[in-house]
Amino acid sequence: MTYKIRMRRHLNILNENPELKAAFRQVVNGRVSVQIDSIQSHKLYSMGLITRDGNKVMPRYLLYGIYFQEYL
């Protein structure tokens, strides 16, 4: 599966879940790692969208940050 297809699939999931979408928007718009709700953090981590550093998270890949900043 290409990155483009994977990111579109993730975008569809985020668009269907407003709370998850808001949490990930906060992550990709942050200049540094941010702290979000633990349930949302777990879901985003399970999707492979974020990495964790203690209680703070950040986009797993720079590409995710760039792509989702534009589409969220």
Practice item. Specify the closest pair of heavy atoms between D37 and I39, including all atoms of both residues, with the distance to one decimal. Key: OD2-N, 3.0 Å
Check your understanding: Considering only heavy atoms from C-beta outward, does the side chain of R60 approach that of L49 to under 4.5 Å?
Key -> no
Point to revise | Test side chain to side chain contact (heavy atoms under 4.5 Å, CB included) applied to K43 and N17, step by step | key: CA-CA 11 Å; K43 289 178 182 178; N17 188 331; 4.2 Å; yes
Check your understanding: Centre of F68's six-membered ring, under 6.0 Å away, within 45 degrees of the axis: is that where NZ or CZ of R25 sits?
Key -> no
Check your understanding: Nearest 0.5 Å, what's the CD1-CE distance between I66 and M7?
Key -> 9.5 Å
Check your understanding: Do other residues, nucleotides or ligands put more than 12 heavy atoms under 6.0 Å from L63 CG?
Key -> yes
Check your understanding: For V28, does its backbone N or O pair with a side-chain atom of Q69 as donor and acceptor, under 3.5 Å?
Key -> yes
Point to revise | Greater than 12 external heavy atoms within 6.0 Å of K21's NZ | key: yes
Check your understanding: How far does CD of E16 sit from CG of L11, to the nearest 0.5 angstrom?
Key -> 10.0 Å
Review point. Any idea which heavy atoms bring P59 and G65 closest together, and the distance?
Key: CB-N, 4.1 Å
Check your understanding: Just wondering, more than 12 heavy atoms not from R52 lying within 6.0 Å of its CZ?
Key -> yes
Review point. Nearest heavy-atom pair of Q26 and Q35: which atoms, and what distance?
Key: NE2-O, 3.6 Å
Check your understanding: Has N55 got more than 12 heavy atoms of other residues, nucleotides or ligands less than 6.0 Å from its CG?
Key -> no
Point to revise | Nearest-0.5 Å distance, CZ of residue R6 to OH of residue Y67 | key: 12.5 Å
Check your understanding: So, for V57 and S41, which heavy atoms are closest and what is the spacing to 0.1 Å?
Key -> CG1-OG, 3.6 Å
Practice item. Could you pull out the closest heavy-atom pair between E19 and Q40, with the gap in Å? Key: OE1-NE2, 3.5 Å
**Study point:** Ring centroid separation Y61 to Y64 under 6.0 Å
**Key:** yes
Practice item. Supply the atom-to-atom distance L14 CG to F24 CZ, rounded to the nearest 0.5 angstrom. Key: 6.5 Å
Practice item. Check whether more than 12 heavy atoms from other residues, nucleotides or ligands sit under 6.0 Å from atom CG of N12, and answer yes or no. Key: yes
Check your understanding: When hydrophobic residues are tied together by side-chain contacts of less than 4.5 Å, even through go-betweens, does L44 share a cluster with Y71?
Key -> yes
**Study point:** pair M58-I50: side-chain heavy atoms closer than 4.5 Å
**Key:** no
Check your understanding: Would you say M47 and L20 make side-chain contact, with heavy atoms under 4.5 Å?
Key -> yes
